[in-house]
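Scroll down for the structure; my scribbles are underneath it.
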2 protein chains.
Amino acid sequence: MAGMNQSAVRRVNTSVILRALAVSAGPTTLTSLSERTTLSRRTIELILDSLLTAGWVAELDRVPARGCAGRPARRYELRAEHALLAAVQITTENVSAVVADVRGRIVGRAHRPLRSYPDPQSSLDDAATLVREALEDAGGSPERLRAGALASGGAIDDDGVVRRLVHTTRWEGVDLPAELARRIRVPWFADNDTNLGALGERWRGVAGDHDNVVWAMLGNRAGLGILIRGAVHRGLDGAAGEIIEAVPMRTDSVENRPVAWLTSPEPDRRAVALERVEAARAGEASALAEVDEFVAHIATILTTLSWTVAPSLIVLGGGLEDAADVLLPRVREALRAARTPAVELRSTALGRDAALVGAVKLALDRMDTELFGPLVPSL
Amino acid sequence: MAGMNQSAVRRVNTSVILRALAVSAGPTTLTSLSERTTLSRRTIELILDSLLTAGWVAELDRVPARGCAGRPARRYELRAEHALLAAVQITTENVSAVVADVRGRIVGRAHRPLRSYPDPQSSLDDAATLVREALEDAGGSPERLRAGALASGGAIDDDGVVRRLVHTTRWEGVDLPAELARRIRVPWFADNDTNLGALGERWRGVAGDHDNVVWAMLGNRAGLGILIRGAVHRGLDGAAGEIIEAVPMRTDSVENRPVAWLTSPEPDRRAVALERVEAARAGEASALAEVDEFVAHIATILTTLSWTVAPSLIVLGGGLEDAADVLLPRVREALRAARTPAVELRSTALGRDAALVGAVKLALDRMDTELFGPLVPSL
DNA sequence: TGGATTTCGCGGGAAAGCAGCGTTATCGCT
DNA sequence: AGCGATAACGCTGCTTTCCCGCGAAATCCA
């Protein structure tokens with residue numbers, strides 16, 4: 001229940017202007033910023049001054065605007081490379097890292113198989129190494145790195161602590177941000193990979209206009225990423241969306257049919273699944289039956305979601321996108337038959353990068369908060 | 001993406017001070033307000049001045065503070081009766097209205113059976129009449145009424161329009177706020193009764209500290225009210241929580257056993273249900289079996305919720321509270337057996353008034369926004 | 001070449017909050 | 001009853017921040 005003062009106003013307005021610069025494609029003029037932010041020209045002038053000296057913004061040459069009269073406007077541009085963000089994803093098989101600028105453009109990458117998944121410490125060592133490699137790949141000096149975020153499986157709570165993970169207890173209680181900050185000295189954050197998938201999809205993928213989004217990976221592995229009012233919803237102990245924990249998987253269940261291996265991290269299994277999908281495309285009866293069964297399974301889960309979370313968009317990802325042509329129409333039909341609300345169903349636009357893109361966004365948002373304070377007076 | 005200016009600061013701070021006055025039990029001093037809001041004494045002085053002249057705040061006599069030295073402080077108090085809020089609830093059987101002050105104290109009531117539920121227009125006429133009666137009961141002049149809110153069953157979207165209602169289509173598309181504003185000329189708002197139950201429970205009930213709450217009515221009638229980050233979550237077309245729409249109810253299903261009539265709006269059926277509960281308390285085998293079956297049904301739904309919405313608290317209401325001693329321990333046990341996250345389970349503290357209390361809170365929040373503007377710059 | 005258009009650059013002013021200090025009223029102790 | 005300690009009052013002056021508006025500057029177009 002904290003009040004506001006003028007410096008809070010300045011912080012908010014600075015952040016607003018930075019965001020306005022970030023969303024605009026090219027250079028921007030004072031007038032355009034003024035219109036979009038409802039702030040006066042003078043105010044923007046002053047704030048841009050401090051952003052210039054801080055290095056966040058560059059002033060470009062003045063160029064006469066072709067085709068319209070008037071004095072040429074000063075043109076400003078976000079120096080996207082002024083700050084770099086790191087994102088790492090750890091799966092059971094691999095660890096991959098990207099380094100991105102504040103616009104979300106990925107400027108460096110690194111990828112390798114994990115030495116030993118069950119062991120948190122060595123995995124986190126690998127993660128840190130990968131971040132350094134990605135930073136080198138980006139050609140960026142380490143001191144430009146401002147923040148990082150980790151995407152991992154399992155239930156991760158609001159503080160980034162692993163609360164639960166299928167098939168192993170060795171990660172439980174690991175404080176991911178703290179562990180990573182020990183290895184690479186910037187603020188770190190962590191979240192579930194499906195949650196970050198949803199976040200990424202809203203930032204740079206297919207979920208742009210939607211405030212309530214579910215990013216769904218359903219199959220052999222299963223998890224939901226949930227955005228409510230545009231923000232990740234973790235729930236108690238990060239359990240929101242961890243449906244794989246809900247039911248112990250039976251060997252005879254749908255999730256163990258080959259087609260459900262679409263979501264598997266193992267290439268061999270994925271290949272088998274894709275063969276089944278191809279067979280279904282070709283009209284082979286047994287493959288079609290298997291797909292139908294799988295679709296029914298997916299539709300059951302999504303129907304439940306439609307009457308509880310009721311997102312306006314569901315994004316299929318985690319491998320399912322490779323069978324989008326087969327799955328999407330069938331699942332849509334099943335949802336319509338179940339008379340659910342008119343939820344939109346799409347395939348991921350980011351593919352395997354979804355969680356990494358979301359992790360970049362997480363790091364970016366948190367960096368913003370650290371620099372400018374919370375935009376909202378916390379009541 | 002709107003910037004902030006000083007008048008926005010003043011609006012925010014005025015609202016912050018009003019809220020601080022509202023939550024404090026007795027009269028409050030400048031110093032105490034200053035500490036709680038982190039605003040300077042001077043600022044609070046000035047804002048209280050305008051609130052005094054506007055009638056929102058009263059200054060009380062100075063009384064020496066017993067037991068501690070120092071000049072007696074000026075004491076201010078929220079004039080709770082300065083504004084009145086109306087709340088109406090329409091069920092299939094009844095319509096009831098309350099009038100409350102800004103503290104949420106209910107100062108007037110009215111209640112009567114509904115003439116004809118399927119007919120929206122006559123039902124809304126009844127609702128308007130009841131509000132006038134409740135206002136009379138409160139002894140308040142109509143011009144002190146500032147806003148009103150309606151609680152109704154069914155899927156109600158963000159604009160207050162009924163999108164879906166079991167067993168009838170006659171309410172579909174009815175713009176509840178507009179219809180009520182035609183009859184009683186204040187701003188009106190509408191929401192689902194279970195959503196408002198959750199909101200009420202967080203404001204004046206058992207859910208005070210919890211940000212993610214599910215208010216659950218499960219049985220013959222069924223619906224979930226969902227709070228995420230403290231705010232009502234409606235979802236697409238208001239479908240969030242409308243689980244009764246998910247599955248067509250079968251005559252042989254659990255929801256049609258007598259014990260499930262706990263949630264029925266019909267007194268006769270409720271009486272039958274309570275008899276069954278009493279029999280179970282007495283240890284009668286068939287009643288116990290029925291209760292166990294009902295508990296399993298409830299636990300199934302709540303388990304699903306624990307892995308999707310993952311609230312930190314689930315409140316049982318809508319009639320279930322009358323069997324709390326029987327249901328709560330059994331459902332808790334079932335959830336524990338299912339290894340769900342450690343969600344808390346409680347019985348409603350507001351009982352049948354939950355939705356009405358929540359409606360008062362809804363009207364209050366919206367009135368606040370109308371008076372002081374949104375607290376957050378909308379990005 | 002000159003009018004129209006658009007932005008620049010800056011001075012003045014208003015709104016809001018903050019810091020600080022002497023004043024005032026009360027308590028508790030002698 | 002008197003006196004120091006205490007805590008709030010009431011005010012002046014100051015800082016920060018934003019807004020308004022006007023003359024100047026730079027460009028386009030006829």
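Here is the naming used below: chain letters follow the sequence lines, and residue numbers restart at 1 for every chain. Small disclaimer: the values here were computed from a predicted structure and weren't measured.
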Neighbour count >12 (heavy atoms, 6.0 Å) for atom CZ, Arg105(A): no

Passing option when Asp175(B) is tested against Val161(B), Leu180(B), Asp159(B) for side-chain contact (heavy atoms from CB on, under 4.5 Å): Val161(B)

Whole angstrom value for the distance that separates C1' of dA19(C) from CG of Leu39(B): 15 Å

Pairing residues for Asp49(A) by the salt bridge (Lys or Arg N to Asp or Glu O under 4.0 Å) criterion, not counting sequence neighbours: none

Footprint string (nucleotides 6-17 of chain D, 5' to 3'): B base within contact, S backbone only, - free, heavy atoms under 4.0 Å: BBBBBBB---BB

Minimum heavy-atom distance between Ser24(A) and Thr28(A), given as atom pair plus value: OG-OG1, 3.1 Å

Ile47(B) or Ser32(A), whichever maps to the more 5' nucleotide of DNA chain C: Ser32(A)

Sequence neighbours excluded, every pair satisfying side chain to side chain donor-acceptor pair (under 3.5 Å) that has a member inside residues 356-366 of chain B: Lys361(B)-Asp365(B)

Separation of atom CD1 in Ile44(A) from atom P in dT7(C), rounded to whole Å: 12 Å

